[in-house]
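Proteins get letters first, then strands, A, B, ... in listed order; numbering begins at 1 in each.
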There are 2 protein chains.
Amino acid sequence: MTPRPRHLPSEERRAEAVEAVIRLAASTNPEEITTSAIAARMKLTQGALFRHFPTKDAIWQGVMEWVSDRLLARIDRLAGAEADPLAALEAMFLGHVDFIAEHPGVPRMMAGQLQNAGETPAKRLARTLVENYGNRLRRILAAARAEGVVPPGLDIDAAATLFLGMVQGLVMQHLIHGDSARMRADASRVWVIYRAGLLAAEHAQEGRA
Amino acid sequence: MTPRPRHLPSEERRAEAVEAVIRLAASTNPEEITTSAIAARMKLTQGALFRHFPTKDAIWQGVMEWVSDRLLARIDRLAGAEADPLAALEAMFLGHVDFIAEHPGVPRMMAGQLQNAGETPAKRLARTLVENYGNRLRRILAAARAEGVVPPGLDIDAAATLFLGMVQGLVMQHLIHGDSARMRADASRVWVIYRAGLLAAEHAQEGRA
DNA sequence: TGTCAAAGTAATTACTTACTCACATAATGG
DNA sequence: CCATTATGTGAGTAAGTAATTACTTTGACA
């Protein structure tokens with residue numbers, strides 16, 4: 001077996017760095033992840049990192065792309081395998097929770113990027129991910145309404161917001177209890193209530209302008 | 001009218017500092033709020049801050065106490081004014097959203113504290129707030145179940161988690177769109193679905209252990 | 001009015017951060 | 001095998017951080 005070469009091509013180092021950030025974020029406040037910490041986990045010098053990334057935000061861009069690609073691919077695969085829109089939504093939701101259980105730092109990183117003051121490229125990627133996610137939700141919800149499995153008056157935007165909130169609520173519980181297995185179990189229980197809300201939501205808001 | 005004295009008692013300066021942090025957090029990433037920035041907003045030197053707080057985390061403690069006191073007092077007042085448990089929940093929810101609209105930095109600060117690695121006093125205060133909030137939710141939900149306004153099989157813990165998630169989802173939308181008025185409007189629409197979910201949730205989960 | 005402690009300043013501390021640079025080493029292709 | 005280029009090192013840099021310190025100002029009160 002060939003020994004691991006000591007100099008690796010830039011592309012592989014970039015992938016290594018992204019992975020290092022994801023794993024560091026699982027146990028550290030993302031804002032406190034320094035280039036030194038990333039380099040240390042890669043067994044490189046801090047300066048060597050800048051052979052592969054022009055700036056620290058470029059690392060964050062790589063991370064956000066990684067998250068976006070993997071998360072969207074997963075929910076598309078899961079949702080695509082279900083014929084019933086409600087089953088697709090449930091698969092998306094449970095798949096998302098699994099993703100977070102596997103990579104607990106991800107929601108923290110997302111939130112951290114989104115609340116950065118300036119308009120960094122990494123922040124834009126994070127926002128785009130949320131938008132793409134929302135679009136997929138609304139598409140499936142619209143299909144459900146068209147097929148008549150949810151009431152015609154269901155407020156699709158509100159349902160999408162609540163869906164994302166459902167994930168966030170579980171993340172917050174996870175942050176407090178720190179138990180991934182519990183998060184998955186809670187997910188199913190929360191889904192029951194959400195699903196009931198979709199099916200029973202009052203039709204069209206009448207009255208007040 | 002007496003001119004504002006140039007030396008103020010420590011207690012007043014502490015209150016000023018807390019207010020300064022709350023307002024700074026509305027437009028800045030809380031992690032990036034420096035003692036210099038706080039002092040600047042108070043029109044003081046950076047060093048002067050440490051006449052009133054022994055350490056920076058002590059400032060965060062003051063902030064978390066401020067949040068805890070104000071938020072819990074508000075939701076208790078609103079919920080206490082309603083006889084019907086569901087009306088109480090709705091008042092709590094809308095009051096919470098109003099609170100966030102008034103102080104947009106608050107949820108960001110909370111999240112920032114909760115994900116700090118070490119066990120700082122400020123972090124403990126943040127977690128205690130979430131726990132107290134959850135306890136109030138569960139108490140009202142239990143009352144609703146006892147009065148029969150929600151099905152006897154309603155999963156109260158899951159309902160509380162989803163309630164907190166509902167708030168979080170709105171915060172995330174607010175983070176992306178940056179429109180407080182819209183957040184309040186969305187809140188009512190999301191509430192419709194949540195409420196329907198409470199009322200219609202399947203009774204007791206039968207089957208699998 | 002003079003005294004004195006509390007409150008404020010300006011400069012400085014030790015430390016951390018992202019990023020750079022001169023130089024060394026490893027991989028690769030003629 | 002040698003020359004070239006990509007990758008890595010170790011020691012920097014400048015900018016910022018929380019906290020400290022020697023000294024001044026302020027305000028209250030005997």
Side-chain angles (χ1 to χ4, degrees), chain A residues 1-21 24-25 28-64 109 112-113 116-118 120-123, chain B residues 1-21 24-25 28-64 109 112-113 116-118 120-123:
Chain A
M1 47 188 181
T2 53
R4 176 189 168 102
R6 294 181 191 160
H7 285 30
L8 284 187
S10 228
E11 201 178 348
E12 291 185 35
R13 287 296 191 205
R14 280 196 289 268
E16 270 188 22
V18 166
E19 202 183 330
V21 170
L24 280 169
T28 325
N29 186 338
E31 316 261 355
E32 288 171 359
I33 296 178
T34 66
T35 54
S36 297
I38 301 171
R41 182 160 286 235
M42 298 169 67
K43 302 196 173 164
L44 280 185
T45 351
Q46 185 251 2
L49 254 189
F50 290 87
R51 294 273 174 212
H52 312 296
F53 296 92
T55 181
K56 194 193 182 187
D57 191 69
I59 306 180
W60 281 113
Q61 287 178 55
V63 172
M64 297 319 294
M109 297 184 321
Q113 290 299 320
N116 269 341
T120 74
K123 180 179 178 179
Chain B
M1 44 187 179
T2 51
R4 176 191 169 99
R6 295 184 189 158
H7 286 202
L8 286 185
S10 227
E11 201 179 348
E12 291 185 34
R13 287 296 192 203
R14 281 196 289 269
E16 270 189 22
V18 166
E19 201 184 331
V21 170
L24 280 169
T28 324
N29 187 337
E31 316 262 356
E32 289 170 358
I33 296 177
T34 66
T35 53
S36 298
I38 301 170
R41 181 160 284 236
M42 298 170 68
K43 302 194 174 169
L44 280 186
T45 350
Q46 184 253 357
L49 254 187
F50 291 87
R51 295 271 173 215
H52 313 296
F53 296 93
T55 182
K56 194 193 181 189
D57 191 69
I59 305 180
W60 280 113
Q61 287 178 56
V63 172
M64 296 320 295
M109 297 183 322
Q113 289 299 320
N116 269 341
T120 73
K123 180 179 179 179

Task: Toward the 5' end of DNA chain C, by each residue's nearest nucleotide, Ser36(A) or Gln46(B) - done: Gln46(B)
Nearest-angstrom distance from the residue atom [atom1] of [X] to [atom2] of [N]:
X: Leu49(B); N: dG8(C); atom1: CG; atom2: P; result: 10 Å
X: Lys56(A); N: dT20(C); atom1: NZ; atom2: C1'; result: 17 Å
X: Asn29(B); N: dT17(D); atom1: CG; atom2: P; result: 13 Å
X: Leu8(B); N: dA5(C); atom1: CG; atom2: P; result: 21 Å
X: His52(B); N: dA18(D); atom1: NE2; atom2: P; result: 16 Å
X: Leu44(A); N: dG10(D); atom1: CG; atom2: C1'; result: 13 Å
X: Glu16(B); N: dA7(C); atom1: CD; atom2: P; result: 13 Å
X: Glu12(A); N: dA27(C); atom1: CD; atom2: P; result: 12 Å

Task: Donor on one side chain, acceptor on other, Gln46(A) and Thr35(A), under 3.5 Å - done: yes
Compare all side-chain heavy atoms of [X] with those of [Y] and state whether any distance is below 4.5 angstrom.
X: Trp60(B); Y: Met109(B); value: yes
X: Leu8(A); Y: Glu16(A); value: yes
X: Ile33(B); Y: Ile38(B); value: yes

Distance below 4.0 Å between [X] side-chain N/O and [N] OP1 or OP2:
X: Thr35(A); N: dA18(C); value: yes
X: Arg13(B); N: dG8(C); value: yes
X: Arg6(A); N: dA26(C); value: yes
X: Thr55(B); N: dA19(D); value: yes

With respect to the side chain of [X], which nucleotide from [options] is positioned closest?
X: Phe50(B); options: dA18(D), dG8(C), dA18(C); answer: dA18(D)
X: Arg51(B); options: dC23(C), dG8(C), dC19(C); answer: dG8(C)
X: His7(B); options: dG8(C), dG10(D), dA27(C); answer: dG8(C)
X: Thr45(A); options: dG10(D), dG27(D), dA10(C); answer: dG10(D)

Open item on the list: Less than 4.0 angstrom from a charged side-chain N to a carboxylate O is my criterion; do Arg14(B) and Glu11(B) meet it?
Closed with: no
